[in-house]
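I have placed the structure first, in the form of structure tokens, so that the comments after it can refer back to it.
Chain naming here is simple, since letters A, B, ... match the order of the sequence lines and numbering starts at 1 in each.
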Amino acid sequence: MKKLSKFSSLAYLVLAAITISSGLFAGVAYAGIFVWADLPGAAPDVEAVTFEGTETAVNKISADITRQIAGRSGFILSSICPASFELTAAGECNLVTRYQFYDSVQQRGVGGTQTALPKHRSGFTPQQIDLGRYLFFDPLLSKDGTVSCASCHHPELGFSDGRGRSIGIGKEPTARGAPSLWNMTFLTSFFWDARANSLEQQAQGPLFDEKEMANSPEKLLASIRSNAYYPAMFAQAFPDIEKPTLEQLYTALAAFQSSLISLNSRYDQYAHGFHQALTADEIAGLNVFRSFVARCAECHQPPLFTNNQVAVIGTPEPDGLPFDSGAEKTFNSTKLRGGFKVPSLRNIGKTAPYMHSGRFEQLGDAVAFYNKGRGHALPENEQLQLHWHIWEPNLTDEEIARLVDFLGTLTDESLLPEVPQVLPSGLMPVQSLPLSEITKEQKDKANATDTVAAITTNNAIKNQGN
Amino acid sequence: MKIRRTFTMLLISLAFTAGIVCAKYLDSKGQSFHPATSGSEGASYLGYRHADAEPGKAKSRKASAVSRRDRQGKVHVVKDGDSIMAAVKAASPGDNIAIFPGNYHETVYIDKDDIRLIGVIEEGERATLDGRELLNDAILYSGNNIVVENLKITRYKGNGIMGQAGNNFEIRNNIIIDTGVYGIFPQLGKNGIVEFNVISGIEDAAIYVGMSDNIHVAHNDVFDSVAGIEIENSRHAIVENNYVHNNTGGILAFITPGLPIKTTYDVIIRNNFVVGNNHKNFGAPGSTVSGIPAGTGILIMAADEVIVEGNIISDNKTAGIIITDHDNAANITLDPESDPSPDKVILLDNTMINNGYDTLDEVKILMLTEFKSGHPDIVRVGQSRDSCILNPERYFTLGVSKWKKCDVSHTAAIESYLLDEPVPAREIDPSERGKVVYLGICTGCHTYTGRMIGPPVEIIQALYMDNPQGLADWIEQPTKKRQDYPPMPPQNYLDRETRLAVAKYMLSATN
């Protein structure tokens, strides 16, 4: 009893101390503790930044933020791994998931409910991941400071952007849509046409594409090196190297993207054995999804819901757009003309519109495409070698509806990272949602959150570290 | 003079005849050649990773692939008018489901381990799953240690029995008729048996082993389908003692490009009857099998280390055995990660009769290049490295004249590629489960010291330090405690043991 009472007293003391300190930090983003070690008081009030409209709101620097940036001695990168990662003795972040208990053929991460995931990128330190987070959201990486990675890979839109084709620099549309970034750590090829085989290689695409971020390697490196804070941040993430390099920048971006994990959806609960996680309709949809009539699961194989391959499915372009030859160029093979990477369906409910250039507004439209018969939408002069799984499944409307029900169970953003409230560049971290062009479903959501400023604040309660 | 001339002619004739005879029994190096009369007289193939095996010391073929049960579970009896699926939902791992004769119209999915669907046959009557041309698949399983036997399956649109990454399976003694795309389709599974099934009228493969390892397909009767038995992107498979007749193509060993698993190797096709596979191809347009010419006995496409031994291959009108690379096959996409060539193919003794009697024009052209005419038993097109053939003079062959003689003549040393021990059950130590769930799920909302979505772990520790069960109970059905935090969603999708494990782990966390 004596021991217990002693412990209880101690516990209450600890509790009281924590409560007091929690009070001190009330309303402060937790991340600020790590990110802004030298920041006294509250984080900048981003909510106070007023957006007058989407077209004019792009990346205005708030006077408040400018004031808060000025005079700072630096940013301290997190020494804690993101949620679902554990810090190893070597100082690296190691992914932990419930799928690691399973075995599967050649450990390629494809198949039924309980199969192992494939190998993933690892070996990144918490500081590298955190540096990547700042870089990912920083428009400093673009030619004129108007576009960040997050402009097209918006965390609130499933790390996509709600557009058929992404808008790059100068507000001009690019050739294709922005794919979601969830679970990229498991993939081995990138871009719709599979032309990159690492995240580092991929990063150089949008950074230096004249329609996307339009930067040049020289200018980008100069921007980073001349920034008041980035050189010190790079030194935290890469202690052995004197000056920031572009390779470090690519590594940091890869590290951050490798931390975007979505494996805790209701589907996953079902897969791990809690069959009540899905409704009868959703299970009916799962059975259509994996049946060899619909054949969805042959390419969108659980648990990643992609097989990481290129497939020619004969999806049409939006009206008025020329035919996109896709992976034909990558592999220099007409057999892959019109071929694109099989996208993961994780968080698919958040990433409308669908297909490589946003041909379909709703999930139901995308599902219906597969039901309309092999090659039904091919341009007259195209002879594509369609994937053998594309046929005429003749699904009923009921089955299509159930498929859409099931796809909704793949939503999981419980490990959404925090959007930095203040960036080393002083620029706004994410642009406003493109309200005028996104789909109705997302418009509703966007209206609810109003502007990115609000989103930023919402996310501020989440933390990159654990 | 006349006598001398006659003698000279006789000598020339003798020499000519002797030359023919010698040529027939001397190989190209002029060495004497003695064809074996029986394939079992030479060295035995020891197989992939079986280099330490010795002839005569082979282990007996396992009778089962599923794990031995530690306890006998319940038997759930299903009778005409009942639902098989309802029984599966009610079943726990270790249970049997006995299905009595009757008509069942449902899709049965098994997303749990160690369930056995056993049809009860009474006076020849079976439980019949009838999809009425409306339902997609009859049986889908993703669990380990699943058995499906003694059922009759008909009129489904998709598959009869499909496995999705389930290991240690046994599918036997089923009758599957006029059922969609595949009759029996274990995909992405390891260690399985498909035997004693009767399958017909399938528009792709009657038995399709896809992206799997350690498989035994034996004693099946497959007919009237586009493909009889297909081993695709799979390793360590034996196909033996099957009767494969009147399909478009009899037995196939493929690498299909564009799939996430890229190889087929170590496949033994032996002692099968591969007879009269001349059925008109009715495969779906664009499917891989729709490019198979009717009249193909055995087709090896890009697969490596395939052994063909002891089969009776007869009356297949295009050819008895066709070996091709991807470049010469129809409907094949490009995949830089797939090796397109069939390498290290081993053709041992087979009985081949009356094949190639109505072959393709392409094959006839190939004959012209070798100055041959006739009915081909064996046709090879495209690249093939390090392949061999035993007693090639017994067959009419095309494209294998430069293949070396095999240095093995039989596979008696290998009775089975099933695993000595089944793929282990997914037993997870509770403490490990606690850590994984904590890091994989809880840390999305809780940090050790700070405020995130939920309160700090330190506070939780202070409240529950001596009461992990209390914490485990609370996370199952949380109640709102703090006005300044959002309510926590129930964690009831974790089982009781895991909830306690994660509670213990959370209370012991130090950072």
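Using a 4.5 Å cut-off between heavy atoms, B:Ile441 contacts chain A through both its backbone and its side chain. With a threshold of 4.5 angstrom between heavy atoms, A:Arg374 approaches chain B through side-chain atoms but not through N, CA, C or O. Within the 4.5 angstrom heavy-atom criterion, only side-chain atoms of B:Tyr182, from C-beta onward, approach chain A. For B:Pro490, no part lies near chain A; criterion is any non-hydrogen pair under 4.5 Å. Only the side chain of B:Thr256 comes within less than 4.5 Å of a heavy atom of chain A; its backbone N, CA, C and O stay farther away. Using a 4.5 Å cut-off between heavy atoms, A:Gln276 makes no contact with chain B at all. With a 4.5 angstrom heavy-atom cutoff, A:Pro393 touches chain B only via backbone atoms. For A:Leu263, no part lies under 4.5 angstrom from a heavy atom of chain B. Of the atoms belonging to A:Thr113, heavy atoms from both backbone and side chain fall under 4.5 Å from chain B. Using a 4.5 Å cut-off between heavy atoms, B:Val436 touches chain A through backbone and side chain atoms alike. Neither the backbone nor the side chain of A:His272 comes within less than 4.5 Å of any heavy atom in chain B. Interface residue B:Phe185: only side-chain heavy atoms are found under 4.5 Å from chain A. For B:Met162, the part lying under 4.5 angstrom from a heavy atom of chain A is the side chain only.
A distance of 6.0 Å or more separates the ring centres of B:Tyr438 and B:His446. A ring-centre distance under 6.0 Å is not found for B:Tyr493 and A:Tyr270. Here B:Tyr208 and B:Phe254 keep their ring centres 6.0 angstrom or further from each other.
Heavy-atom pairs under 4.5 Å with chain B were tallied for A:Glu392, A:Arg290, A:Arg295; the largest tally goes to A:Arg290. Taking B:Val457, B:Asp213, B:Thr333, B:Asn214 one by one and counting their heavy-atom pairs under 4.5 Å with chain A, the maximum is reached by B:Thr333. Among B:Thr107, B:Ile332, B:Val437, B:Asp484, the residue making the largest number of heavy-atom pairs under 4.5 Å with chain A is B:Ile332. Most heavy-atom pairs under 4.5 Å with chain B: of the set A:Val312, A:Asn287, A:Leu386, A:Asn308, this distinction falls to A:Asn287. Annotation: maximal heavy-atom pairing with chain A below 4.5 Å, among B:Asp111, B:Leu134, B:Leu259, B:Val181, occurs at B:Asp111. Between chain A and the residues B:Pro285, B:Gly163, B:Gly158, the most heavy-atom pairs under 4.5 angstrom are made by B:Pro285.
Inspection of the A:Gln107 and A:Asp103 side chains reveals an N or O donor paired with an N or O acceptor under 3.5 Å. Residues B:Gln187 and A:Glu298 bring a donor and an acceptor atom of their side chains to less than 3.5 Å of each other. Judged by distance alone, the side chains of B:Asn136 and A:Glu399 do bring a donor and an acceptor atom under 3.5 Å apart. A side-chain donor-acceptor contact under 3.5 Å links B:Ser290 and B:Asn331. In summary, the side chains of B:Asn145 and B:Asn168 do present a donor paired with an acceptor at a separation below 3.5 Å, with no hydrogens or angles considered.
Salt bridge annotation for B:Arg433-B:Asp495: present, with a cationic side-chain nitrogen under 4.0 angstrom from a carboxylate oxygen. A salt bridge is defined here as a Lys NZ or Arg NE, NH1 or NH2 lying under 4.0 Å from an Asp or Glu carboxylate O, and B:Asp335 with A:Lys335 fails to meet this definition.
Sequence neighbours left out, not one pair with a member in residues 132-144 of chain B passes salt bridge (Lys or Arg N to Asp or Glu O under 4.0 Å). Within the structure, salt bridge (Lys or Arg N to Asp or Glu O under 4.0 Å) pairs that include any residue of residues 259-270 of chain A comprise A:Arg266-A:Glu282, A:Asp268-A:Arg346 (at least two apart or interchain).
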